Novice: 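Next up is a structure, given as structure tokens.
Each chain gets a letter, A, B and so on, in the order the sequences are listed, and its residues count up from 1. Scope of the values below: all heavy atoms of this structure, side chains included, with no hydrogens, waters or symmetry mates. A quick note: this is a predicted structure, and the numbers were derived from the prediction, not measured.
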Amino acid sequence: MKGLLIDVTKCIGCNACREACRETNGLPDVAGDTLQAGVYTVVQQKAEQNVRRVCMHCLDPTCVSVCPVGAFQKNAFGGITYEESRCIGCRYCMLACPFSTPTYEWSSLWPKVSKCNFCPSRLSEGKPTACAEACPTGATLFGERDELIAEAQKRLAENPGTYVNHVYGLTEVGGTSVLYLSPVAFDKIGLRTDLPQGPLPILTFQVLSKIPQAVGLGMTLLGGIWWITNRRDEVAAAEGKEPGTRNAERAKKEKQS
Amino acid sequence: MKLPKLTFWRLVFAAVCVGGLAATWVRVTGGLGASTNLTNDFPWGLWIGFDMLCGVGLAAGGFTITATVYLLNLERFRPIVRPTVLTAFLGYLLAIFGLLFDLGRPFVIWHPLVMRNPNSVMFEVAICVMLYTTVLALEFAPAVLERFHLVRVVRIIKMVSVPLVLLGVILSTLHQSSLGSLFLIVPHRLHPLWYTPLLPAFFYISAIAAGLAMVIFESFLSYRAFRKQIEMHLLREIARVLVVVLAVYLVLRFEDLGVRHVTSLLWQAGPEAAFFWMEVLLGGFIPLGLLAMPRVRASSGGLFLSAVLVVLGFVTNRLNVSFTGLQASAATPYFPKWPEIAITLFLVALGFAIFSLAVKYLPIYTPVHGPIQSETEKKEEVAVAA
């Protein structure tokens, strides 16, 4: 499982990562520092820091779980890829993503979702992601997620007072492949600190997984109710009354009352 | 050719149609960007919040009334089965039609059939809505078939009517609640006045209430428009059930707020608390209080007013879950653009228009007399007429 470690203190805001990403993925040159269609990564200025934003590649990804047609897949490297040909454009992934990283081609007539794909072809050639390779200061490190966590914890231990004492992405929504170290509070640099510590997909899975049993139980219960109520009419018929008259008589009485 | 008489409502209908077609043009030529105010921050708008969540929810009368007649065997409700099934069928068709505007790639709306992700609530909703619309089509088919005297086909459908109704109840239970489950995965976005693990239960119970209210609502509109006899005794009974459903809903809703320790949010200044109270007063407490009074249940005006309130409260609830509750977590506030509103009005107008055409040309309120009518139905009519 690969990952990225983004050390905010080391980032100089040169945008080399964004440029490399653009070239590797054949993306257009778009202005602005917000994630949007055709922009997989940006460097934002927040709280006097340069903060790189990119898909977090969650360990238990919400987008993969919510997509009705399975357009998102998590590959062996831990990266989440998007298969455009499956997408129906429901945008549930955008609503559900805890980091709001998927964006949409709103002006297109055949739009697709746009987000970082973790450079799958580079990774399968044994290379790091384009952004990590391009970073001149080592602010974005590529490597095994376990090793990156160890490195991050080493930096926290060796530089007391430099960082907020937390590796962002270690536990957020069950953990992410992209990890952050920051000198200021994470919510000040646009990383939410109020996210659940457990994976989000469990929230819907625990309901969905009960459906098969619910169907079996429901069918039996409803069938049983029908059998009992119908039986009453059969009894009435056997007693010489027409089926349904029991109700009809009652309706008549109610009308009169 | 004789021109139809120009009436106020026909004029309104024509204007709404023109608006709808203009908006369709904008959507088709300019995409979602030109036709909506949706952003990366706020990807779902009016077309999901109203067309889908309300369209499907208000159609819930279809499964409750068919279950009442076919499964609970309460034959006296049979006269309202057809108009209710028609309302439900139209509700689903229009919701799906509306979805074609909302989906980025409407031509591949069928993808969930072949590219399945069973972990997705959206997938489950898609399959259930599709299957249930088929069930509704079959349940409604006899009205069309009788009109063209296709007796044998009607007989075949009637043979499977009980299993069909049973399937309809199961499918409805699943997707009505799942429309709420859609939002279970956004605890980080949805305001705590609405985000609760009980969302599916609340969506289900409120859909039952709204569906019953729609039965009353449409009975009165049909009476006003076509002078169809109102089945007052039936509507009174439905109103009683509605009181119970609303009461259960409200108790559960406030118990849930207490259990989650968020009752203090009810008194916080801001749009969330205001809209929450609007929703529970409009669709809950006020109609509950009204319908609890025998005097109101006995009057057609009182019933109608209460039903309209329940429907309005229901719509407010769905819009609260899909707009109000999500606004705070979005950087840019969302308000629908004119094509979004125009399409929504267009869908509602289409619903009314198709309903009245169906009543005019199909045996909706007056079943065709013939060999297909069961003995029970004849007896019923005699009893009702007496």
Novice: Answer with side chain, backbone, both or neither: which region of Leu35(A) has an atom nearer than 4.5 Å to a non-hydrogen atom of chain B?
Specialist: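 The backbone, not the side chain.
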Novice: Is chain B contacted by the side chain of Ser114(A), its backbone, both, or neither, given a heavy-atom distance below 4.5 Å?
Specialist: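 Contact with chain B: none, neither part.
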Novice: Pick one of side chain, backbone, both or neither for Val66(A), based on which atoms fall under 4.5 Å of a heavy atom in chain B.
Specialist: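 Val66(A) touches chain B through backbone and side-chain heavy atoms alike.
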Novice: Could you name the residues of residues 194-201 of chain B that have a heavy atom within less than 4.5 Å of a heavy atom in chain A?
Specialist: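 Checking residues 194-201 of chain B against chain A gives Tyr195(B).
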Novice: Which bit of Val108(B) is near chain A, if near means a heavy-atom gap under 4.5 Å: side chain, backbone, both or neither?
Specialist: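 It is both, since atoms from each part get that close.
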Novice: Hey, could you give me the CG/CD distance between Leu32(B) and Glu105(A), rounded to the nearest 0.5 Å?
Specialist: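 Output value for this atom pair is 11.5 Å.
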Novice: Classify the angle between the aromatic ring planes of Phe186(A) and His166(A) as parallel (below 30°), tilted (30 to 60°) or perpendicular (above 60°).
Specialist: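 Ring orientation, 0 to 90° scale: perpendicular.
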Novice: For the residue pair Phe72(A) and Tyr82(A), categorise the inter-ring angle as parallel (less than 30°), tilted (30 to 60°) or perpendicular (more than 60°).
Specialist: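 The rings of Phe72(A) and Tyr82(A) sit tilted, inter-plane angle from 30° to 60°.
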Novice: What part of Ser107(A) gets within 4.5 angstrom of chain B, counting heavy atoms only: side chain, backbone, both, or neither?
Specialist: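 Backbone of Ser107(A) only, per the 4.5 Å heavy-atom cut-off to chain B.
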Novice: Give, as side chain, backbone, both or neither, the part of Leu171(B) having an atom under 4.5 angstrom from any heavy atom of chain A.
Specialist: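 Neither part, no heavy atoms under 4.5 Å.
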Novice: Where on Thr103(A) is there a heavy atom nearer than 4.5 Å to chain B: the side chain, the backbone, both, or neither?
Specialist: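 Contact with chain B is through both the backbone and side chain of Thr103(A).
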Novice: Can you see whether Thr41(A) engages Arg52(A) through a side-chain donor-acceptor pair at a distance of less than 3.5 angstrom?
Specialist: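 A donor-acceptor contact under 3.5 Å links the two side chains.
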Novice: Does any backbone or side-chain atom of Pro163(B) lie under 4.5 Å from a heavy atom of chain A? Answer side chain, backbone, both or neither.
Specialist: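 Neither part.
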Novice: Which region of Leu326(B), side chain (C-beta onward) or backbone (N, CA, C, O), has a non-hydrogen atom less than 4.5 Å from a non-hydrogen atom of chain A, or is it both or neither?
Specialist: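 The side chain, not the backbone.
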Novice: Given heavy-atom pairs under 4.5 angstrom as the criterion, report whether the side chain, backbone, both or neither of Val121(B) touches chain A.
Specialist: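 Both backbone and side chain.
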Novice: Less than 4.5 Å to any heavy atom of chain A: does that hold for the side chain of Ser177(B), its backbone, both, or neither?
Specialist: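 It is neither, since no heavy atom gets under 4.5 Å.
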Novice: Given that the side chain runs from C-beta out, which part of Tyr104(A) has a heavy atom under 4.5 Å from chain B: side chain, backbone, both or neither?
Specialist: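 Both backbone and side chain of Tyr104(A) come within 4.5 Å of chain B.
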Novice: Taking the six-membered ring for Trp, are Phe42(B) and Tyr334(B) parallel (under 30°), tilted (30 to 60°) or perpendicular (over 60°)?
Specialist: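 It falls in the parallel class, under 30°.
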Novice: Is chain B contacted by the side chain of Val64(A), its backbone, both, or neither, given a heavy-atom distance below 4.5 Å?
Specialist: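 For Val64(A), the backbone is the part near chain B, not the side chain.
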